[in-house]
Number of protein chains: 2
Amino acid sequence: MARAVSETHGEILAAAARRFAATGYRGTSLQDIAREVGCSKATVLYHFANKEALLAELMAPAIAVLQELDDRLAGLTGGAAQQVAAVGFVDLAVRFRREIALLRGEFPELLAQPAFAHIQQISERLRDAFAGHSDRPGARIAALVLLAGISEACAEFVDVPDDELRPALLALVRRAVEPVESPQPQPPTTEDKES
Amino acid sequence: MARAVSETHGEILAAAARRFAATGYRGTSLQDIAREVGCSKATVLYHFANKEALLAELMAPAIAVLQELDDRLAGLTGGAAQQVAAVGFVDLAVRFRREIALLRGEFPELLAQPAFAHIQQISERLRDAFAGHSDRPGARIAALVLLAGISEACAEFVDVPDDELRPALLALVRRAVEPVESPQPQPPTTEDKES
DNA sequence: TCAGACCCTGACCGATCGGTCAGATGAGGG
DNA sequence: CCCTCATCTGACCGATCGGTCAGGGTCTGA
């Protein structure tokens with residue numbers, strides 16, 4: 001009785017996570033998931049309205065934390081935004097790297113689905129914050145490289161312990177990000193062109 | 001007469017590049033490509049043995065350059081390998097960013113196909129070189145972040161001119177990479193000065 | 001005892017996929 | 001003239017996809 005939903009629900013979720021991580025969302029059929037659980041495809045669709053709902057439930061916790069980070073970022077600008085975005089995103093990526101892994105590059109198409117529409121905007125704001133809200137092309141490019149790279153690295157290093165991955169990523173970000181607050185002009189570099 | 005293969009071949013190739021870049025390899029059907037060209041699906045399969053062959057021909061130039069970079073990397077270690085890998089990969093990524101864009105995250109599954117088997121090994125060697133062949137976790141993590149991030153950034157910024165993208169990426173890499181102990185002074189290359 | 005909620009299933013659906021095949025078309029050369 | 005060959009096509013194939021549906025167990029509370 002205590003169990004409002006049968007444990008099959010959880011088993012399907014777990015199996016879907018494994019299969020999505022292994023072969024991607026598109027590359028995994030409901031049949032694959034059912035086979036791994038040991039039930040019929042119809043059972044999968046009894047517990048979940050459709051394939052997309054399965055993905056949505058899998059991603060819900062990560063999306064909630066991402067939303068929360070976005071809220072925290074709302075009032076910040078410049079170096080402060082950079083700081084919060086960096087630490088917040090590294091934290092999020094490390095913590096939810098399993099969820100990130102199971103999207104594995106299908107982000108663009110998946111984000112096009114209406115269910116994930118607002119994620120697109122959040123990730124753009126996050127990228128802006130990462131660049132310290134600078135519109136210098138160099139800063140915007142660096143922000144994208146780091147965001148995408150961190151995601152990919154977290155997906156790849158699923159078996160590296162948190163307390164090894166997180167400091168390595170934070171150190172990298174700290175090296176790689178050009179602080180935006182310093183008002184003095186940079187020493188001459190090759191890309192010093194103004195746009 | 002001079003045209004051994006009809007121009008349709010090239011048109012199909014161009015259309016496939018556009019569609020793959022827009023919706024990914026898996027997300028693009030032969031029907032889609034045929035529709036864009038204005039011919040039948042059978043015509044596409046008359047000019048190309050199968051869908052994979054279409055992708056292979058599209059990727060061939062990029063793969064050749066990647067192979068060449070791998071060869072150049074063969075005898076190098078430590079800081080020298082790091083240097084060559086960084087400059088070489090940024091160059092390659094910028095130059096072939098259209099090709100990178102049309103893989104768009106499907107790398108893992110695509111690389112599993114036998115036709116691209118050796119690319120897997122090349123990219124692992126490249127990652128090693130990027131880390132200066134260090135086995136420090138931090139170095140390996142940073143290498144992956146940068147490689148993946150650069151790829152993604154190039155795919156994203158297809159419309160940014162080369163001479164803006166390349167220096168921004170090089171500057172980022174130079175900031176982000178922790179120099180490994182340089183074994184011996186190497187002769188000055190084109191852009192060898194430390195940051 | 002029995003109605004009904006819950007859980008699960010096989011059979012089936014229409015759509016779409018990559019790929020095959022026999023044949024239509026048309027230009028060129030003997 | 002006809003034969004050859006490159007090009008192109010519609011019709012078709014088997015497989016697989018996500019999703020539907022009617023119905024069969026099983027448990028429970030009235």
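Convention: sequence-line order gives letters A, B, ...; per-chain numbering from 1. Only a predicted model underlies this, so the values are computations on that prediction, with no experimental measurement involved.
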Any donor-acceptor N or O pair under 3.5 Å, side chains A/H47, A/E57: no
Side-chain touch A/V173/B/V145, heavy atoms, less than 4.5 angstrom: no
Atom pair distance, as rounded to whole Å: CZ in A/F48 and P in C/dC8: 11 Å
Nearest heavy-atom neighbours spanning A/R140 and A/S134: CG-O, 3.7 Å
Contact state string [nucleotides 9-24 of chain D, B base, S sugar-phosphate only, - no protein heavy atom under 4.0 Å]: BB------SBBBB---
Sub-4.5 Å side-chain heavy-atom contact between B/E52 and B/Y25: yes
Phosphate-side-chain proximity, A/T8 and C/dC8, N/O vs OP1/OP2 below 4.0 Å: yes
Atom pair distance, as rounded to whole Å: NE2 in B/H47 and P in D/dT7: 6 Å
Carboxylate-amine/guanidinium contact A/R166 A/D91, below 4.0 Å: yes
